[in-house]
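Residue numbers begin at 1 in each chain, while the letters A, B, ... track the order of the sequences. This is a predicted model, so every value here is computed, not measured.
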Amino acid sequence: MDAERRKSLEARTRYDPSEVEKRILERWLEGGYFHPPADGTPAENFSVAIPPPNVTGALHMGHALNGTVQDALIRMKRMEGRNTLWMLGTDHAGIATQAVVERELREEGASRHELGRDAFVERVWAWKERYGSQIVEQYKRLGASCDYERERFTLDEGYVRAVYRVFAQLYEKGLIYRDNYMVNWDVGSHSAISDLEVENRELEDVLYSIDYPVEGTEAVLTVATVRPETMLADTAVAVHPDDERYRELVGGHCILPLVGRRLPIIADERVDPEFGTGALKITPGHDPNDFEIGREHGLEEIVVIGEDGRMTAAAGERFAGMHAQEAQAAVLDALRAEGRLRGEEPYVHSVPFSHRTGERIEPLISLQWFCRMDELAKPAIAAVESDRVRIVPEQHKRVYLDWMGRIRPWCISRQLWWGHRLPVWYGPRETVFVAESEAAAREAAAAAGVDPAELRRDEDVLDTWFSSAIWPFAILGWPEEDALLRAFYPTDFLTTAREILFLWVSRMIMMGLEFVGDVPFDDVYVHSVILAPSGRRMSKSLGTGIDPLDEIGVHGADALRFGLLAMSSTELVRYSADRVQQGEDLANKMWNASRLVLLNAPEVEPAPRAVRLEDRWIVSRLERAIDAVSRSLGSYDFAHAALDFYGFLWSELCDWYLEIVKPRLYDGEPEVAATLLWVLEQTLALAHPMMPFVTEEIYSYLAGAAGGERREMLVVHRFPALDAALVDEDAEREIDAWIKLTRQLRRWRDLVGVAPGSVLSARVAAGEAAAPHELVARLARLSYDGAEGEPLAAFGPVEILASAEVDAERVRRRVQERRETLASEIGRAESKLANQGFVQNAPADVVEEERGKLAAYRAELEELGDH
RNA sequence: GGGCGGUUAGCUCAGUUGGGAGAGCGCCUGCCUUACAAGCAGGAGGUCGUCGGUUCGAGCCCGGCACCGCCCACCA
């Protein structure tokens, strides 16, 4: 290390991430470490496709955790020498992005309709160019080692072609079709949405009972509903086939109040005879359940609520044009006036809302495009059943299989402008042409005898998740360029939050199998959900969000990464600022421990030159840490990886080993310097996947100290692997005993009130090796010189002698306390050993251990008796 | 209505195959010891949600219950 570097290291007594991170990141990017060649095979290589964040997005805690988890594994694999690719990109996020730009327009007093489709889409692109890459820059700040030179976007040219190819092929297979079917209508985005974009909320409503007179009698059928306005679209009343009360009425009719329509009374098993009166009004146009019943019974489908949320002409003159809400009040008034409203009671039930816009879903019959999933699902089910795709933790496997087993058609068309416009063209006489491009559609039309000039393209765009479903192979160049695909598909794992297991993960598996013929990834790791410290969901609107970039600014990226890994042990986890602080402290600890070594070690080649017991001990403990951390990382157990590393670094390396070897280090002993440098290098490499910045920064000094060989950066340093030959159980046992003894001595000193700085007179019992106890003496501040005097206390072979430093009275009290403790321990052990059941049934070694303890207690008590 | 996860120190969480309860933070006592005072040494603090069972022995295994949370579900 040159004098200037040395001076800077001396001066930097505290690790300052803000100064370091930018500089280190630059060097990684310039070095091209994240941009692998498209060589090798998927089996040799290691690859991951990032779950693409929305272009509109800013990095939130979920991204930060997800990114950290991926980066930790990816960095480890890269260090293991694998050709490693982490593909990065963003999602156009249909509704979300369109909503942002629409809001901007509204603020200017304009609207997308005034602008027109082409101008609007252009505007969204402009917005995307301006703000779209901010999240990518934010991933860099986290230290994510993505291939920033291969960034993709779900609407870039090649990607769009891939989407159209997939659509066209599924259409040709008959899996994509157009149908008039009940959909979830999102009044907010004025579009259909899929089942998975609906969230059910518990809501307090009113359940109204309405009398429907039975035709030709005085009787009435009372039905119950929370949406009386939909009665205008009723086309039947249903009862359970076994319901004795109504058996006679089935086949007859009742009269719909206000409207006068004759409603057939039908029998259907889906009616619960226990609920209300057991009679159910059937509204096929506005209720999913009724829709199905209606289709089976061939009932008329009347639509009284339109896509704008207002009542249609079919609702009748009195109500047409009203908002559904107003219509409800009007219908209730009218029913009251006719004496048909029998009752109302408060009623709590779950109601569908749009996940995106938060508006209440209006179930409507609408002409939409659907994708049949059952056939695609079969191989995707098999892939997970056989663990070809492994889902971790395992409990999610069954959830996936359950859901896939009863998968329903997917509504894939959206009435938006921002997205992949359907590659569907309509000609005259209801001709439909699906093609990968407009040119191809024209050709097809011409071939079918349709004038291409008459073609009109479908207005709708595809569900965002339709394009995300092909992410893992589309970003690798499918279908046109296959170099990346051949080298990196299937990818190795996917990390995700549980909530998108169905929305995204399942669909990627289906599409990968269908179009590439292999699953998109081997493992799916479902990571924790980070809650606010209060235990509530982290959300901007609730004000409970914590911005990861703020945390990076205050504590550093390594600290945040460590904190996130350490806290992410279970499914739901509260954000722990303490864990992030712990990470910051750890970075600083590593920094200062490294300063101690680097500023004092002579220039020697790092090597485990374990010349003394304590050296063998730390080398052995390091090997165990290497084993534990790499195992934990390999099995997606990040909390243990982080905390086990912390324990090794802080307690074993810093608190004990560094303290033990300081004198040798200051003396310039080459062997201990070599060992220390080696341990440091291994330790930095071990921590690097979790805390890349601080380790890389320290390594830049170490590489200097270690001589010219180490020109490469730590990011591509060999990841440590367990070397079983360096594990030394004897050394571990021995040093652990010294540590225990030292702690006993310190504790005793404290309890009897010995001043911290004072050195106590002591001696080692005859026949005991003095060497280890020299070390203990230093750590516990004892002196064996001039060992005269009365022994006051004994700890194993070490006896403390009476001196002016020790208050004899407090020692006596302490001894008395110890006697009492021992007596009770002896009692406990004796009664346990007197229990025949224990002695006979417990394993021999457990019994033996207990006997050993008892003997030791008795011996200690006896010894105390002397003083 | 089904399924899943959780309940351990004041707080946030660990506890591998059942053999005397752990960490970080906070708290108390004492130390500016030439890597780090955002540090060091020591300490206090827990009937492991509850009831029952299996066992010589249960935080851990089995069953019931309570509370918290999540996911799925077409009972109006």
Got a list of protein N/O to nucleotides 43-46 of chain B N/O distances below 3.5 Å?
{"unit_1": "B:rG43", "atom_1": "OP1", "unit_2": "A:R747", "atom_2": "NE", "d": "2.4"}

Are there any protein N/O atoms within less than 3.5 Å of an N/O atom in nucleotides 2-11 of chain B, and if so, which ones and at what distance?
{"unit_1": "B:rG3", "atom_1": "O3'", "unit_2": "A:R398", "atom_2": "NH2", "d": "3.0"}

Pairs satisfying salt bridge (charged side-chain N to carboxylate O under 4.0 Å, His left out), at least one member in residues 394-403 of chain A, at least two apart
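Checked against salt bridge (charged side-chain N to carboxylate O under 4.0 Å, His left out) - neighbours excluded - the pairs reaching residues 394-403 of chain A are A:D387-A:K397.
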Donor-acceptor pairs under 3.5 Å, side chain of residues 746-755 of chain A to any protein atom, not counting sequence neighbours: which ones?
{"unit_1": "A:R746", "atom_1": "NE", "unit_2": "A:L779", "atom_2": "O", "d": "3.3"}
{"unit_1": "A:R746", "atom_1": "NH2", "unit_2": "A:L779", "atom_2": "O", "d": "3.3"}
{"unit_1": "A:R749", "atom_1": "NH1", "unit_2": "A:S758", "atom_2": "O", "d": "3.2"}
{"unit_1": "A:R749", "atom_1": "NH1", "unit_2": "A:A780", "atom_2": "O", "d": "3.0"}
{"unit_1": "A:R749", "atom_1": "NH1", "unit_2": "A:R781", "atom_2": "O", "d": "2.8"}
{"unit_1": "A:R749", "atom_1": "NH2", "unit_2": "A:A755", "atom_2": "O", "d": "3.1"}
{"unit_1": "A:R749", "atom_1": "NH2", "unit_2": "A:P756", "atom_2": "O", "d": "3.3"}
{"unit_1": "A:R749", "atom_1": "NH2", "unit_2": "A:S758", "atom_2": "O", "d": "2.7"}

Determine, for [X] against [Y], whether the closest basic-nitrogen to carboxylate-oxygen distance falls under 4.0 angstrom.
| X | Y | answer |
| --- | --- | --- |
| A:E362 | A:R227 | yes |
| A:D205 | A:R360 | yes |
| A:R778 | A:E659 | no |
| A:E10 | A:R595 | no |

Checking contacts here: which listed nucleotide (B:rG24, B:rA35, B:rC72) is nearest the side-chain heavy atoms of A:E659?
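Among B:rG24, B:rA35, B:rC72, the one nearest the side chain of A:E659 is B:rA35.
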So if I take every side-chain heavy atom of A:D655 and compare against B:rG20, B:rC40, B:rA35, which nucleotide ends up nearest?
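Nearest to the side chain of A:D655 among the choices is B:rC40.
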Do the side-chain N and O atoms of A:E199 and A:H355 include a donor-acceptor pair separated by under 3.5 angstrom?
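Present: a donor and an acceptor within the cut-off.
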Please state how far atom [atom1] in [X] lies from atom [atom2] in [N], giving the value in whole angstrom units.
| X | N | atom1 | atom2 | answer |
| --- | --- | --- | --- | --- |
| A:L9 | B:rC36 | CG | P | 12 Å |
| A:Y646 | B:rC36 | OH | P | 17 Å |
| A:R579 | B:rC13 | CZ | P | 10 Å |
| A:L649 | B:rA23 | CG | P | 18 Å |
| A:L531 | B:rC68 | CG | C1' | 12 Å |
| A:E652 | B:rA23 | CD | P | 14 Å |
| A:R14 | B:rG39 | CZ | P | 7 Å |
| A:R749 | B:rC31 | CZ | P | 13 Å |

Nearest-angstrom distance, [atom1] atom, [N] to [M]:
| N | M | atom1 | result |
| --- | --- | --- | --- |
| B:rC61 | B:rG24 | C1' | 30 Å |
| B:rG10 | B:rA44 | C1' | 13 Å |
| B:rG57 | B:rA21 | C1' | 16 Å |
| B:rU8 | B:rU50 | C1' | 14 Å |
| B:rC51 | B:rA9 | C1' | 24 Å |
| B:rG59 | B:rG18 | C1' | 10 Å |
| B:rC48 | B:rA58 | P | 12 Å |
| B:rC25 | B:rA41 | P | 12 Å |

For A:R574, all residues meeting side-chain contact (heavy atoms from CB on, under 4.5 Å), sequence neighbours excluded:
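For A:R574 there are no side-chain contact (heavy atoms from CB on, under 4.5 Å) partners, ignoring immediate neighbours.
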Qualifying residues under side-chain contact (heavy atoms from CB on, under 4.5 Å), relative to A:P228, sequence neighbours excluded
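Scan of A:P228 (side-chain contact (heavy atoms from CB on, under 4.5 Å), adjacent residues dropped) gives A:Y208, A:I210, A:T225, A:Q328, A:V331, A:L332.
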Against the six-membered ring of A:Y701, is A:R5 placed for a cation-pi contact (under 6.0 Å from the centre, within 45° of the normal)?
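Because its charged atom sits under 6.0 Å from the ring centre and within 45° of the axis, A:R5 does stack over A:Y701.
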Categorize [X] for me: base, sugar-phosphate, or nothing, with a 4.0 angstrom heavy-atom threshold over every strand shown.
| X | value |
| --- | --- |
| A:W748 | nothing |
| A:Q581 | base |
| A:F291 | nothing |

What's the separation between atom CD1 in A:I305 and atom CG in A:L364, rounded to the nearest 0.5 Å?
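Result: 7.0 Å between the selected atoms.
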Hey, are the side chains of A:P241 and A:E269 touching, using non-hydrogen atoms and a 4.5 Å cut-off?
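When only atoms from C-beta onward are counted, A:E269 and A:P241 do touch, with a gap below 4.5 Å.
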When you check the phosphate oxygens OP1 and OP2 of [N], does a side-chain N or O of [X] lie under 4.0 Å from one of them?
| X | N | result |
| --- | --- | --- |
| A:S569 | B:rA14 | yes |
| A:H640 | B:rG15 | yes |
| A:K589 | B:rA35 | no |

So, using ring-ring contact (aromatic ring centres under 6.0 Å, His included) as the criterion, who are the partners of A:W403 when residues are at least two apart?
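A:F502.
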What nitrogen or oxygen pairs link the protein and nucleotides 73-76 of chain B at under 3.5 Å?
{"unit_1": "B:rC74", "atom_1": "O2", "unit_2": "A:N289", "atom_2": "OD1", "d": "2.4"}
{"unit_1": "B:rC75", "atom_1": "O2", "unit_2": "A:D272", "atom_2": "OD2", "d": "2.4"}
{"unit_1": "B:rC75", "atom_1": "N3", "unit_2": "A:D272", "atom_2": "OD2", "d": "3.2"}
{"unit_1": "B:rA76", "atom_1": "OP2", "unit_2": "A:Y347", "atom_2": "OH", "d": "3.0"}
{"unit_1": "B:rA76", "atom_1": "O2'", "unit_2": "A:A224", "atom_2": "O", "d": "2.4"}
{"unit_1": "B:rA76", "atom_1": "N6", "unit_2": "A:D272", "atom_2": "O", "d": "2.7"}
{"unit_1": "B:rA76", "atom_1": "N6", "unit_2": "A:F275", "atom_2": "O", "d": "2.9"}
{"unit_1": "B:rA76", "atom_1": "N1", "unit_2": "A:D272", "atom_2": "N", "d": "3.3"}

In terms of heavy-atom contacts, does CZ of A:R342 have more than 12 from other residues, nucleotides or ligands at under 6.0 Å?
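Not more than 12 within 6.0 Å, no.
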A:H297, NE2 atom: more than 12 neighbouring heavy atoms under 6.0 Å:
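Atom NE2 in A:H297 is packed in, count exceeds 12.
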Please work out the stems of RNA chain B from pairs that are Watson-Crick or G-U wobble with both distances under 3.5 Å, keeping only runs of three or more consecutive pairs.
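B:1-7 with B:66-72, B:10-13 with B:22-25, B:27-31 with B:39-43, B:49-53 with B:61-65 - these are the stems of 3 or more pairs that involve RNA chain B.
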Within residues 832-847 of chain A, find the residues that approach RNA chain B with a heavy atom at under 4.0 Å, and present them sorted by residue number.
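Hits under 4.0 Å, by residue number: A:N835, A:G837, A:F838, A:N841, A:A842, A:P843, A:V846.
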Is the ring pair A:Y646/A:F562 parallel, tilted or perpendicular, if the boundaries are 30 and 60 degrees?
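Tilted.
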Map A:M567 and A:R537 onto RNA chain B by nearest heavy atom, then report which one ends up closer to the 5' terminus.
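The residue closer to the strand's 5' end, by nearest nucleotide, is A:M567.
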Identify all side-chain donor-acceptor contacts of residues 836-843 of chain A below 3.5 Å with residues at least two apart in sequence or on another chain.
{"unit_1": "A:Q836", "atom_1": "OE1", "unit_2": "A:Q840", "atom_2": "NE2", "d": "3.3"}
{"unit_1": "A:N841", "atom_1": "ND2", "unit_2": "A:G837", "atom_2": "O", "d": "3.1"}

Taking salt bridge (Lys or Arg N to Asp or Glu O under 4.0 Å) as the test, write out the residues that go with A:E19, two or more places apart.
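So A:E19 forms a salt bridge (Lys or Arg N to Asp or Glu O under 4.0 Å) with A:R12, A:R23.
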